[in-house]
Protein chains: 2
Amino acid sequence: MRDQEPARARVLDAAEALFYGRGVQSVGMDEIRNASQVSLKRLYQLFPSKGELVEAYLRRRDIRWREALARQVEAEEDPGARILAVFDWLHGWFAAPDFRGCGFINSFGELGATTPAVAEAARAHKEAFRAYLGRLVADAGRPAALAGQVALLAEGAMTAAAIRGSAEPAREAREAARVLLEASAADRRAVAPG
Amino acid sequence: MRDQEPARARVLDAAEALFYGRGVQSVGMDEIRNASQVSLKRLYQLFPSKGELVEAYLRRRDIRWREALARQVEAEEDPGARILAVFDWLHGWFAAPDFRGCGFINSFGELGATTPAVAEAARAHKEAFRAYLGRLVADAGRPAALAGQVALLAEGAMTAAAIRGSAEPAREAREAARVLLEASAADRRAVAPG
DNA sequence: CCCACCTGAGAACTGTCGTTCTCATACGGT
DNA sequence: ACCGTATGAGAACGACAGTTCTCAGGTGGG
């Protein structure tokens, strides 16, 4: 029992690097064993099947991803600037050498049709992201519909950045979001002046 | 040799339905054999390996997808309306019962890291889509940067629609595109009046 | 009519992978 | 020091999938 947490963390670290970097089905348990230096026996004690390891990988990645985003966004004071800060954070993520798109979109495409737990994890992750944007948009006093539009820009930027192998889509998306933000301010001025 | 084309078409039809619907790695050659009613021997004469079948699937899907889009878009007369017609077409696609996101995004997530041909097919498809939007935007006399923003909205809508299992993102994206289009018209009026 | 060739159906081969098992060994409590 | 338990390393097992092979049957030309 002792030392279980380090082993568990090492397994999840290895699983995340491999599953995210190459796709779930391209990675065997042996490879996770080698990368984590945790014996197969222990690995299967910690995660009774590959499927459960995949779920744990997605759960942890969801939490960490959203925490990292929130950390950078909330360094910004102005509510409007916080919305745009989302795209600055995305730019940094896209520029990371191991960036390969959104792990949830990738897993969904690979396994969503055959593994309901993966489809559900992707759905929950995207819904949480959207809800977070909804809070940022509400704090900035913008119409709720803006959140969905900003979410689409962010998700489009993730896939475009992955496929084109460039961080540039974050800039494009930021500029589009800025225009939408301005337009929503204009609406607001027109509809509810003051 | 005789009857080769029907067999080839049947194989590609089966491959497309299965690869798109469930992901490439979840589908075996036996299943394609059964679905297409083409013997394994003939199948391997037509496509010497699964990899080449996957590439043929992506090539044909790219062409057909962009043709179907262009067909609906070009039914619209007004250059500005054509840009928005892209999202109406997306809405129809998303609402199809077998819709499961963008086949290229899905394949990229599944195989992009391990199969360069798949990564390249996805890149080429997205670039062609982006170039098409570039033409629509140019025809409407809008700034070129609008094309990239519209592309991000479209790609974001594809993944959001797949993961949420809803066609609604097409509507959200259309509305965002409409605002960007209007804003670009305002810019144009401000920068180059008349 | 006969033979060379091609085809279809599916068995067989090969490698891989998820999972379990073996077994020698190290450890902890008495 | 002794024994039961748990561990690690890796072999083994079973299923599966990509690819090739076998073989019986059909077809077209001489």
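These figures come from a predicted structure and were not determined experimentally. In what follows, chains are A, B, ... by sequence order, proteins preceding strands, each numbered from 1.
Of the side-chain N and O atoms in B/Q45, none sit less than 4.0 angstrom from OP1 or OP2 of C/dC6.
One atom, CG of B/N34, and another, C1' of C/dG10, lie 11 Å apart when rounded to the nearest Å. B/Y44 has its OH atom 18 Å from the C1' atom of C/dT7, to the nearest Å. The NZ-C1' distance, from B/K50 to D/dA17, rounds to 8 Å in whole Å. When rounded to the nearest whole Å, the span between CG of B/L111 and P of D/dG18 equals 12 Å. The CG-P distance, from A/L43 to C/dC17, rounds to 15 Å in whole Å. What separates CZ of B/R42 from P of C/dG10 is a distance of 17 Å, to the nearest Å. Taking atom CG of residue B/L40 and atom C1' of nucleotide C/dA11, one finds them 11 Å apart after rounding to whole Å. Atom-to-atom, CG of A/L18 to P of C/dG18 comes out at 12 Å; the value is rounded to the nearest Å.
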Discussion item. Using side-chain contact (heavy atoms from CB on, under 4.5 Å), reason through A/W93 and A/M158 one step at a time and then give a plain yes or no.
Written reply: CA-CA 9 Å; A/W93 179 34; A/M158 290 174 208; 3.8 Å; yes

Discussion item. Walk me through whether B/F87 and B/V150 qualify under side-chain contact (heavy atoms from CB on, under 4.5 Å).
Written reply: CA-CA 10 Å; B/F87 296 93; B/V150 169; 3.7 Å; yes

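At most 12 non-hydrogen atoms from other residues, nucleotides or ligands lie less than 6.0 angstrom from CZ of B/R171.
The base of C/dG8 lies close enough to the side chain of B/K41 for a donor and an acceptor atom to sit less than 3.5 Å apart.
For B/R66 and B/F129, the positive end is not near the middle of the six-membered ring at less than 6.0 Å and at most 45° from its axis.
Of the residues in residues 24-33 of chain B, B/V27, B/G28, B/M29 come within less than 4.0 Å of DNA chain D through at least one heavy atom, sorted by number.
B/R10 places a side-chain N or O within 3.5 Å of a backbone atom of B/S36 that can act as its donor or acceptor partner.
With DNA chain C read from its 5' end, the first of the two nearest nucleotides for A/G51 and B/V38 is the one closest to B/V38.
For the residue pair B/R22 / A/T114, no side-chain donor-acceptor distance below 3.5 Å is found, with atom types taken as modelled.
Screening B/E67, B/E16, B/E55 against B/R60 for a salt bridge (charged side-chain N to carboxylate O under 4.0 Å, His left out) leaves a single residue, B/E16.
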